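To keep things clear, I will list the structure first and then write my remarks on it.
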Amino acid sequence: MSIDPHDLISWFASAERDLPWRAPDVTPWQILVSEFMLQQTPVSRVLPIWPDWVTRWPTPSATAAATAADVLRAWGKLGYPRRAKRLHECAAVISRDFADVVPDDVDVLQQLPGIGSYTARAVAAFAYRKPVPVVDTNVRRVVARAVHGRAEAAAPSTKRDHADVGALLALLPKSDRAARFSAALMELGALVCTARAPSCAVCPLRSCAWRESGFPPGDAPKRPAQRYAGTDRQARGRLLDVLRNNEFPVSRAELDVAWPVDTVQRDRALASLLADGLVEQITDGRFALPGQDRNDSTASR
DNA sequence: AAAGCGTGGGT
DNA sequence: TACCCAAGCTT
């Protein structure tokens, strides 16, 4: 059972979304920025942010020259602000150690801050047209269904990821169409072979092990889905939102009102933000985004 | 290896 | 209303 690259690529030619980071003049760095933003984040939420971002900071060195505070503010409520911090660090490394040129080698890319297996492969394939398998959640799901006949991909793990790369390598066209095949596979998972309610009636694949075995259901989830309300993550988000929205450092009391009930949880969240380098405490005891201007209206007069 | 890490839209 | 889910990475 296999996926015919021709079926997929001809479907992609007509179904491909017109995403701005796919335009022909987009640089490898700008593609890398899109991949950071798209980690665990829907396309619809990246769309309004990415164009302004890459206009403001078009190169690694331009990004590295900004303060972490500016980067975190531009990131806004995209989520997982550690990604913004790592993107900033990644820019500094590329600027300093790679002459401002994004590496094209998967293993080199994967050593950079915030770049794991997926992002390294995506940059190599989509920015440099290298014939490397790109394995994301969409690809795992499409392969699980079309090739292995299962409703869902197995839980991601290092070992499982390696197997997925191997399975993909066997499918990858041995030509310059490899990168396009990977993009098409991801697009199929995003638009047709979706996690819930897949549109099998319009699927371009002529063979699919899951369909041919009668759409067997997946296993019930073993662990309960995690909630968000009341978690440390939410507390961190509230605290960081206060700092993003204040041009100048804020007092502890101003942070307290952002998470007023559970003081133990608030302290834990603040400590973890400090440990992550997403927040700094300045000498007078107030808190600020890292690298932010320490002056304020009272100190400056 | 499993758990932590944001946020908001869809159902 | 809850819950699911979205181009993952790090420890």
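Within every chain, numbering begins at 1; the chains are lettered A, B, ... in the order of the sequence lines, protein sequences first and strands thereafter. No experiment lies behind these values; they were computed from the predicted model shown.
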Base, sugar-phosphate or nothing for [X]? Non-hydrogen atoms, less than 4.0 Å.
X: Arg268(A); result: nothing
X: Gly79(A); result: base
X: Ser272(A); result: nothing
X: Arg17(A); result: base
X: Leu78(A); result: base

When rounded to the nearest Å, what value does the distance between [atom1] atoms of [N] and [M] take?
N: dC4(C); M: dG6(B); atom1: C1'; result: 16 Å
N: dG8(B); M: dC9(C); atom1: P; result: 23 Å
N: dG4(B); M: dA7(C); atom1: P; result: 23 Å
N: dA1(B); M: dG8(C); atom1: C1'; result: 16 Å

Between [options], which one does the side chain of [X] approach most closely?
X: Trp21(A); options: dT10(C), dA7(C), dG6(B); value: dA7(C)
X: Glu35(A); options: dA7(C), dT7(B), dG6(B); value: dA7(C)
X: Arg233(A); options: dC5(B), dA7(C), dG8(B); value: dC5(B)
X: Leu19(A); options: dG4(B), dA6(C), dA7(C); value: dA7(C)
X: Pro81(A); options: dG6(B), dG8(C), dA7(C); value: dG6(B)
X: Ala195(A); options: dA7(C), dA6(C), dG6(B); value: dA6(C)

Output field dot_bracket for DNA chain C (Watson-Crick or G-U, both distances under 3.5 Å, | for other-strand pairs) contains .|||||.||||

[Y] versus [X], side-chain donor and acceptor atoms under 3.5 Å:
X: Tyr80(A); Y: Arg86(A); answer: no
X: Gln234(A); Y: Thr231(A); answer: no
X: Thr41(A); Y: Arg83(A); answer: yes
X: Tyr118(A); Y: Glu35(A); answer: yes

Length of the [atom1]-[atom2] vector between [X] and [N], whole Å:
X: Arg83(A); N: dT10(C); atom1: CZ; atom2: P; answer: 13 Å
X: Ile49(A); N: dG8(B); atom1: CD1; atom2: P; answer: 10 Å
X: Arg227(A); N: dC5(C); atom1: CZ; atom2: P; answer: 16 Å
X: Leu240(A); N: dT7(B); atom1: CG; atom2: C1'; answer: 13 Å

Distance-only criterion, 3.5 Å: show the donor-acceptor pairs between side-chain atoms of residues 270-278 of chain A and protein atoms not counting sequence neighbours.
unit_1    : atom_1 : unit_2    : atom_2 : d
Ser272(A) : OG     : Arg236(A) : NH1    : 2.8
Ser272(A) : OG     : Ala269(A) : O      : 2.8
Asp276(A) : OD2    : Arg236(A) : NH1    : 2.9
Asp276(A) : OD2    : Arg236(A) : NH2    : 2.9

### Query
Is the ring centre of Trp53(A) less than 6.0 Å from the ring centre of Trp75(A)?
yes

Taken in chain and number order and not counting sequence neighbours, the residues that satisfy salt bridge (Lys or Arg N to Asp or Glu O under 4.0 Å) with Asp100(A) are none

Taking only nitrogen or oxygen atoms into account, show me every contact under 3.5 Å that the protein makes with nucleotides 9-11 of chain B, one pair per line with its distance.
none

_It should be established whether Arg141(A) places a side-chain nitrogen or oxygen under 4.0 Å from OP1 or OP2 of nucleotide dA6(C)._
yes

Pairing of Arg238(A) and Asp241(A) as salt bridge, 4.0 angstrom limit:
no

Assert: residue with more 5' nearest nucleotide on DNA chain C, out of Thr194(A) and Gln39(A), is Thr194(A)

Residues 165-193 of chain A vs side chain to side chain donor-acceptor pair (under 3.5 Å), sequence neighbours excluded, gives Glu16(A)-Arg180(A), Arg17(A)-Glu187(A), Arg22(A)-Glu187(A)

Can you give me every donor-acceptor pair (side chain of residues 101-116 of chain A, partner residue at least two apart or in another chain, under 3.5 Å) with its distance?
unit_1    : atom_1 : unit_2    : atom_2 : d
Asp105(A) : OD2    : Asp107(A) : N      : 3.0
Asp105(A) : OD2    : Val108(A) : N      : 3.1

Can you find a pair of side-chain heavy atoms, one from Ile94(A) and one from Trp29(A), that are under 4.5 Å apart? yes

